[in-house]
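For reference, the structure discussed in these notes is given below.
Here the structure is a predicted model, which is why all the values come from computation and not from measurement. Quick note on labels: first sequence line is chain A, next is B, and so on, each numbered from 1.
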There are 2 protein chains.
Amino acid sequence: MTPPSAIDPRIEALVTDLIGRVADKWTMLILEVLAEKGTLRFSRLAEAIGNISQKMLTQTLRTMQRDGLIERTVYPVVPPKVEYKLTELGFTLGAAFCGVWVWAAENLARVEQARSAFDLGD
Amino acid sequence: MTPPSAIDPRIEALVTDLIGRVADKWTMLILEVLAEKGTLRFSRLAEAIGNISQKMLTQTLRTMQRDGLIERTVYPVVPPKVEYKLTELGFTLGAAFCGVWVWAAENLARVEQARSAFDLGD
DNA sequence: CGGCATCCACCTGGATACTG
DNA sequence: CAGTATCCAGGTGGATGCCG
């Protein structure tokens with residue numbers, strides 16, 4: 001674990017906020033899909049994720065674009081065509097999350113087990 | 001990035017859920033504080049985190065205990081004394097999150113900059 | 001001291017309908 | 001196709017007060 005106590009508490013608050021915005025379900029899934037597939041247009045992205053409302057997809061994509069994680073390219077054609085891909089920054093974030101994905105996959109069973117034991121009265 | 005596409009989609013959903021519960025602000029902060037300080041009782045934990053309501057502290061601690069991330073020890077004395085410390089599982093999760101903390105700390109400025117640029121009309 | 005119970009304001013996210 | 005706009009149910013989290 002990093003020792004955030006060693007850094008400015010104001011910075012720590014900013015970092016915490018940043019993590020809060022960045023570490024949500026949809027952001028992580030989009031990060032994962034784009035890291036794997038490269039470039040995707042809106043509807044393909046929706047398909048790849050599965051059961052995400054277009055409201056959340058649009059909203060999350062906007063936030064990620066604003067934060068410099070993805071690049072949005074609009075082709076001025078009819079029908080409209082918009083493509084999304086990770087920026088370098090987005091890619092590095094995906095890599096950072098990798099450790100958490102691995103942890104979750106490896107320890108899923110242990111957590112389920114702990115939960116069952118807890119629920120059984122202990 | 002791990003290729004979750006290579007694994008069972010049902011497992012992936014479980015992993016996503018697990019990450020969703022585990023990757024929240026308070027969980028990450030508690031993880032960090034306990035990793036650093038070792039063992040703490042309820043009120044010291046509250047102080048160390050700063051501005052967390054005892055409702056959220058209790059709630060988050062229960063969930064973490066249920067998931068096998070922390071160990072809760074009650075000393076049958078008056079006044080009550082309860083201590084919390086990370087389990088081995090909690091420790092490994094902290095380590096996994098380390099990469100995200102580092103990313104956030106390192107790229108905070110870049111994100112802020114991207115956001116400013118975005119807000120200025122681009 | 002370390003909670004639990006209650007109330008409540010806010011936000012999140014889904015469903016639906018409409019547009020360039 | 002790729003959104004925007006609106007409405008609404010449910011969840012989140014803070015404040016407060018009480019208890020063992």
Side-chain angles (χ1 to χ4, degrees), chain A residues 13 16-31 33-34 37 39-67 69-85 118-119 121-122, chain B residues 13 16-31 33-34 37 39-67 69-85 118-119 121-122:
Chain A
T16 303
D17 283 354
L18 179 56
I19 290 180
R21 269 180 306 97
V22 125
D24 79 36
K25 184 182 177 182
W26 299 129
T27 301
M28 293 183 66
L29 284 175
I30 292 173
L31 225 44
V33 169
L34 286 181
K37 311 251 185 177
T39 301
L40 285 179
R41 52 194 299 181
F42 190 84
S43 41
R44 301 286 152 263
L45 202 42
E47 284 170 19
I49 295 175
N51 89 342
I52 181 177
S53 63
Q54 88 271 52
K55 176 186 176 178
M56 287 317 296
L57 183 52
T58 302
Q59 200 174 95
T60 309
L61 285 171
R62 276 303 118 74
T63 305
M64 292 176 74
Q65 183 192 0
R66 181 170 182 254
D67 287 348
L69 301 177
I70 59 175
E71 198 181 311
R72 179 177 182 264
T73 312
V74 182
Y75 297 91
V77 296
V78 273
K81 178 179 172 181
V82 181
E83 285 187 340
Y84 295 90
K85 60 178 245 189
F118 185 86
D119 291 344
D122 166 45
Chain B
T16 303
D17 283 355
L18 179 56
I19 289 180
R21 269 180 307 96
V22 125
D24 80 35
K25 184 182 176 182
W26 299 129
T27 301
M28 294 185 64
L29 284 175
I30 292 173
L31 224 44
V33 169
L34 286 182
K37 310 250 186 178
T39 301
L40 285 180
R41 53 194 297 183
F42 190 83
S43 42
R44 299 288 152 264
L45 203 41
E47 284 170 19
I49 294 175
N51 88 343
I52 181 177
S53 63
Q54 91 269 58
K55 175 185 176 179
M56 287 316 297
L57 184 52
T58 301
Q59 201 174 95
T60 308
L61 285 171
R62 277 302 118 75
T63 305
M64 292 176 75
Q65 183 191 0
R66 181 171 182 255
D67 288 347
L69 300 177
I70 59 175
E71 197 183 311
R72 178 176 183 265
T73 311
V74 182
Y75 298 91
V77 297
V78 273
K81 178 178 172 182
V82 180
E83 285 187 341
Y84 296 90
K85 59 177 245 190
F118 184 87
D119 291 344
D122 166 46

* State whether B/R41 places a side-chain N or O below 4.0 Å from either non-bridging phosphate oxygen (OP1 or OP2) of C/dC1. => no
* Hey, are the side chains of B/K85 and B/T73 touching, using non-hydrogen atoms and a 4.5 Å cut-off? -> no
* Structure fact -> Between B/L61 and A/M56, the residue closer to the 5' end of DNA chain C by nearest nucleotide is B/L61
* To the nearest Å, give me how far apart CD1 (B/I52) and C1' (D/dG14) are. => 11 Å
* Asked: Does OP1 or OP2 of C/dG2 have a side-chain N or O of B/S43 closer than 4.0 Å?
  -> yes
* Asked: Starting at CD of A/Q54 and ending at P of C/dG14, how long is that distance when rounded to a whole Å?
  -> 11 Å
* Quick one: which of C/dG20, C/dG13, C/dC4 gets closest to the side chain of A/P80? -> C/dG20
* To do: Using a heavy-atom cut-off of under 4.0 Å over every strand shown, decide if B/R44 touches base, sugar-phosphate, or nothing.
  => nothing
* Nucleotide D/dA15, atom C1' - distance to CG of B/L57 in whole Å -> 16 Å
* Remember a base hit wins even if backbone is also touched, and classify A/R62 as base, sugar-phosphate or nothing at under 4.0 Å, heavy atoms. => sugar-phosphate
* Asked: Within a strict 4.5 Å, meaning less than it, do heavy atoms of the B/L45 and B/L61 side chains meet?
  -> yes
* Asked: Whole-Å distance between D/dT12 P and A/D24 CG?
  -> 14 Å
* **Side chain proximity check, B/V22 to B/L69, heavy atoms < 4.5 angstrom** => yes
* Roughly how far, to the nearest 0.5 Å, is the CZ atom of B/R66 from the CG atom of A/D119? -> 4.0 Å
* **Side-chain heavy-atom pair B/T58, B/F42 within 4.5 angstrom cut-off** => yes
* **Separation of atom CZ in B/R72 from atom P in C/dG2, rounded to whole Å** => 10 Å
* To do: Rounded off to whole Å, could you give me the NZ-to-P distance for the A/K55 and D/dT4 pair?
  => 12 Å
* Asked: For the pair made of CZ in B/F42 and C1' in D/dG20, what is the distance, rounded to whole Å?
  -> 15 Å
* Return the value, rounded to whole Å, for the distance between atom OH of B/Y84 and atom P of C/dC1. => 14 Å
* Asked: How is A/Y75 classified with respect to the nucleic acid when contacts are heavy atoms under 4.0 Å: base, sugar-phosphate, or nothing?
  -> nothing
